[in-house]
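Written out below as structure tokens is the structure these notes cover.
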Amino acid sequence: MEQSPARPPSARLDAFVDRYAARTAGMTASEIRALFAVASRPEVVSLAGGMPNISGLPLDVVGGAISDLVAQQGAVAMQYGSGQGVPELREQITDVMRLEGIEAHPDDVVVTVGSQQAVDLVTRVFCDPGDVVLCEAPSYVGALGVFKSYECEVVHAEMDAHGLVPEALRQAIASVKAAGKTIKFLYTIPNFHNPAGVTLSAERRPEILEICRAEGILILEDNPYGLLGFDQEPMRALRADSADNVIYLGSFSKTFAPGFRVGWALAPGPVREKLVLAQESATLCPPQFSQMAISAYLANHDWQGQIKQFREMYRGRRDAMVDALSDLMPASCRWNVPDGGFYVWLSLPPGVNAKAMLPRAVTARVAYVPGTAFYADGFGSNAMRLSFCYPTPERIREGVRRLAGVLEAEMELRATFGAPDQGKPALGSSGYDSPRIDLS
Ligand code: PMP
């Protein structure tokens, strides 16, 4: 391929920067984005990105389904479609959700461009600048980015090894109410949390629902990993027991492939109508071709068997990571052992700053995401997210070995020269105190 010519410097583009809308102040590159360029070099073991490992997909089967689609229904598949999504696919989505105890009507499903767009549309529909969104501590960086871009204030509530702590949720609600602010919803990832790896226990689910019902708080249940449990059947969704105050988000990115960019929202009637309008103004309609390809795949392929294969592959990688951590990490580190999903949350020895250490880690050819990426308020410097989804088990072990070496050097340095002043973690603009977590 020919190289593009160098772009001439443009003074005019700079001239418009001061005209950006105020909301763009919240649109900053995530720490993960900034990392992608280095982390994707082949010599670096990336434990940073959360890319699904789709190498197990039967590409011949998918290719066959797509060429049949073009041959038989190409004129429809390549046309604009409904803003709500293809009816057959919405019907199939209700079958997928039934695996988590959800009984839903296809009319209440809105197909979106990945579940990422569903987070965006729900926020667009509900949030004015200054509204509060409650999130777990830590929370998904992509959702925090959406909330920031709509100028929401994020208030975190603590998790432990069993997921969101009900008492922490109560306290967060009380502190926001005392400040006279409006909570628009609780954003939660109950299963195989990104980034924390934990799952909200079955015992806690009714309590979380009850707290939100009593306080009149809507729940945004984001569940892209729910079918990727390693040892157990899928957990019952929050939405399965509360149809009127939960918006449920699902995705085919982790159970099939992210390149199609198909996810969905299941929402109570009036909200669903607004979401369709928001979808139409954002994209006119979600991609018809992708939806029909996924629909054909679901109809003609053993997709549940495929998910089982994915689960086994990810379980092997989880085992590789936790075995390597146990064998190689300094004793003062702590981590959890996730039952599913892609991530381990690693807490570092006191005083070690994951963000400050990252350049040294990359020099040692290993990458991770510093914990601060997953907090809206500056916390998390003493932790990191490690992804086990993508590299092979051997590479995972090698990555952990390199990381352990970097950490040991860091700790030795600190022992010799004392701790550098890391400053106090900043409090959010709200001034709410944010908790630390122990997920192990
Ligand atoms: N929610 C969570 C918790 C995620 O981890 C991700 C992807 N990393 C998404 C939503 C978005 O996924 P997609 O848009 O591909 O469905």
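All values below were derived from every heavy atom in this structure, side-chain atoms included, with hydrogens, water molecules and symmetry-related copies excluded. Numbering of ligands and ligand atoms starts at 1, following listing order.
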**Report entry** Ring centroid separation Y314 to F342 under 6.0 Å
**Finding:**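 Aromatic pair counts; centres sit under 6.0 Å.
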
Report task. Sorted by first residue and then second, give each ring pair (Phe, Tyr, Trp, His ring centres under 6.0 Å) pair with at least one member in residues 274-298; sequence neighbours left out. Result ->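 Only F256-Y297, Y297-H301 qualify under ring pair (Phe, Tyr, Trp, His ring centres under 6.0 Å).
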
Looking at [Y] and [X], is any side-chain nitrogen of the basic one under 4.0 Å from a carboxylate oxygen of the acidic one?
X    : Y    : answer
D108 : R239 : no
D107 : R272 : no
E394 : R397 : no
E398 : R401 : yes

Could you go through ligand 1 and note, for every N or O atom, any protein N or O atom closer than 3.5 angstrom, writing the atom names and distance to 0.1 Å, or 'none'?
| residue | atom | partner | partner atom | Å |
| --- | --- | --- | --- | --- |
| ligand 1 | 1 (N) | D222 | OD2 | 2.6 |
| ligand 1 | 5 (O) | N194 | ND2 | 2.8 |
| ligand 1 | 5 (O) | Y225 | OH | 2.6 |
| ligand 1 | 8 (N) | K254 | NZ | 3.0 |
| ligand 1 | 12 (O) | S115 | OG | 3.4 |
| ligand 1 | 14 (O) | S115 | N | 3.2 |
| ligand 1 | 14 (O) | Q116 | N | 2.9 |
| ligand 1 | 14 (O) | R261 | NH2 | 2.9 |
| ligand 1 | 15 (O) | S253 | OG | 2.6 |
| ligand 1 | 15 (O) | R261 | NH1 | 2.8 |
| ligand 1 | 16 (O) | S115 | N | 2.8 |
| ligand 1 | 16 (O) | S115 | OG | 2.9 |
| ligand 1 | 16 (O) | S251 | OG | 2.6 |
| ligand 1 | 16 (O) | S253 | OG | 3.3 |

